[in-house]
Amino acid sequence: MPLKVGKGAMAPPFMVMDVIAAANARQASLPPSAPHVIRMEVGQPGTGAPAGALEAAQSALRSGHPLGYTEAFGLRPLRERISTHISEWYGLPIAIDRIAVTVGASGGFILAFLAAFDPGDRIAMAAPFYPPYVNILTALGMKPVVLPTGPETRFQPTVAMLESLDARPDGLIVASPSNPAGTMLHRDELRDITTWCEAHGVRLISDEIYHGLNYEHAPASAAEFSSHAMVVNSFSKYFSMTGWRVGWMVLPPELVRPVECLAQNMFISAPYISQIAAQAAMDCHDELRANVARYRRSRDHLLAALPGAGFAKLSPAEGAFYLFADISDRSNDSVRFCARMLAETGVAATSGLDFDRDRGQRFVRFSYCGPEADMRDAAVRLAAWR
Ligand SMILES: Cc1ncc(COP(=O)(O)O)c(C=O)c1O
């Protein structure tokens with residue numbers, strides 16, 4: 001008798017993982033003297049957690065503390081520190097009962113979607129998008145509504161796009177700076193979208209995970225414009241702590257208790273040790289700003305060098321550590337293009353298909369968070385490959 005398999009089991013893969021596997025395989029096949037594979041496919045900082053975070057974690061381990069569960073919303077001192085961080089970065093007072101520590105931004109999405117939406121609800125987002133938005137929503141029986149965007153709006157959604165939908169969506173996800181385009185919603189644009197959502201009963205989820213990695217404009221938080229927006233953030237990117245699996249949310253007052261109940265049932269808590277390290281990381285800005293300065297140098301170099309290497313149509317790269325390149329003058333099959341690029345130059349990058357299923361074959365995402373020397377070498381190899 002065949003056993004039932006749920007719709008959630010049909011979530012598609014995150015294709016970048018296949019590129020990572022191909023890059024690993026190529027590296028393993030190379031003789032030690034050959035130039036190494038340059039990793040521009042991964043979206044995680046090569047640096048680990050800042051020194052102060054490691055020290056705090058080591059001293060917690062040595063202390064003999066049992067490091068058990070915490071309250072579902074996290075350790076109070078960490079929540080207090082996050083509240084101070086929000087006031088330092090955005091000048092915004094947020095009561096700590098609205099702050100939830102989560103298992104990364106990824107844990108935050110599941111809590112946000114379950115608390116705010118029902119199966120069948122329609123949730124809008126710009127394409128290109130971070131693939132798990134669509135994959136998690138679909139696994140939960142919710143319906144992604146994709147707004148195709150391009151360079152005219154810096155790959156970001158607008159109020160006009162929302163107005164032009166046949167039916168009002170139940171929710172909207174925005175990400176600024178975004179993955180894969182590395183572009184931002186500027187303060188006035190985020191304000192207009194947030195106030196439009198509030199006026200039209202559309203629940204806004206603002207993914208602010210790349211805040212701190214911005215090169216042109218200071219980012220605004222959706223929480224500045226509406227207390228009904230759900231903000232998702234993380235220690236994975238600016239704080240360089242991907243594997244510690246810790247993030248946070250700023251919750252609308254009406255969703256505090258529902259999210260707390262969901263979090264208790266689904267995760268119990270984020271890892272204790274990670275919360276200790278995360279709190280210390282919030283005082284490591286010198287080290288973290290040095291990482292940002294390195295990203296900025298790599299970005300500036302690539303923006304100057306890649307056009308001469310045949311990648312002339314690049315996203316403005318206002319934040320995060322991504323360049324989204326329109327390669328339509330070279331290929332209409334970016335999966336094959338990336339495979340060939342890896343085989344012939346040793347530079348690994350991701351096909352845009354992961355981020356936009358309709359138009360992604362025309363795009364490649366380069367991540368520039370790797371070592372600075374590698375980013376320079378990549379530009380040289382790609383120019384020679386042209
Ligand atoms: C836009 C965006 N949101 C969320 C995440 C997931 O973050 P976390 O490691 O905090 O789960 C990523 C990871 O790359 C991302 O790019």
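Whatever order the structure lists ligands and atoms in, that order sets their numbers, starting from 1. Residues take their numbers from the sequence shown, with the count starting at 1.
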Practice prompt. With sequence neighbours excluded, give me every side chain to side chain donor-acceptor pair (under 3.5 Å) pair touching residues 14-29.
Written response: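 The answer is N24-R39.
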Discussion item. List the residues meeting side chain to side chain donor-acceptor pair (under 3.5 Å) with Y130, not counting sequence neighbours, and say none if there are none.
Written reply: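 So Y130 forms no side chain to side chain donor-acceptor pair (under 3.5 Å) with any residue.
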Item to complete: Using the ring of F311 (Phe, Tyr or Trp, six-membered ring only), decide whether R330 places NZ or CZ under 6.0 Å from its centre and within 45 degrees of its axis.
Response: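 Satisfied, under 6.0 Å and within 45°.
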Enumerate, one pair per line, all nitrogen or oxygen atoms of ligand 1 lying under 3.5 Å from a protein nitrogen or oxygen, stating the separation to 0.1 Å; write 'none' if no such pair exists.
residue  : atom   : partner : partner atom : Å
ligand 1 : 3 (N)  : D207    : OD2          : 2.7
ligand 1 : 9 (O)  : S236    : OG           : 2.7
ligand 1 : 9 (O)  : R245    : NH1          : 2.9
ligand 1 : 10 (O) : A105    : N            : 2.7
ligand 1 : 10 (O) : S234    : OG           : 2.6
ligand 1 : 10 (O) : S236    : OG           : 3.3
ligand 1 : 11 (O) : A105    : N            : 3.4
ligand 1 : 11 (O) : S106    : N            : 3.0
ligand 1 : 11 (O) : S106    : OG           : 2.5
ligand 1 : 11 (O) : R245    : NH2          : 2.8
ligand 1 : 14 (O) : K237    : NZ           : 2.8
ligand 1 : 16 (O) : N179    : ND2          : 2.8
ligand 1 : 16 (O) : Y210    : OH           : 2.7

Fill in: Residues that S298 engages under side-chain contact (heavy atoms from CB on, under 4.5 Å), provided they are two or more places apart
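side-chain contact (heavy atoms from CB on, under 4.5 Å) check on S298 returns Y368, E372, M375.
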Worksheet item: Is the backbone of L382 close enough, under 3.5 Å, to the side chain of T345 for a donor and an acceptor to pair up by distance?
Response: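 It does not hold such a pair.
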Worksheet item: Would you say S236's side chain and A105's backbone share a donor-acceptor pair under 3.5 angstrom?
Response: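 No: the side chain of S236 does not pair with the backbone of A105.
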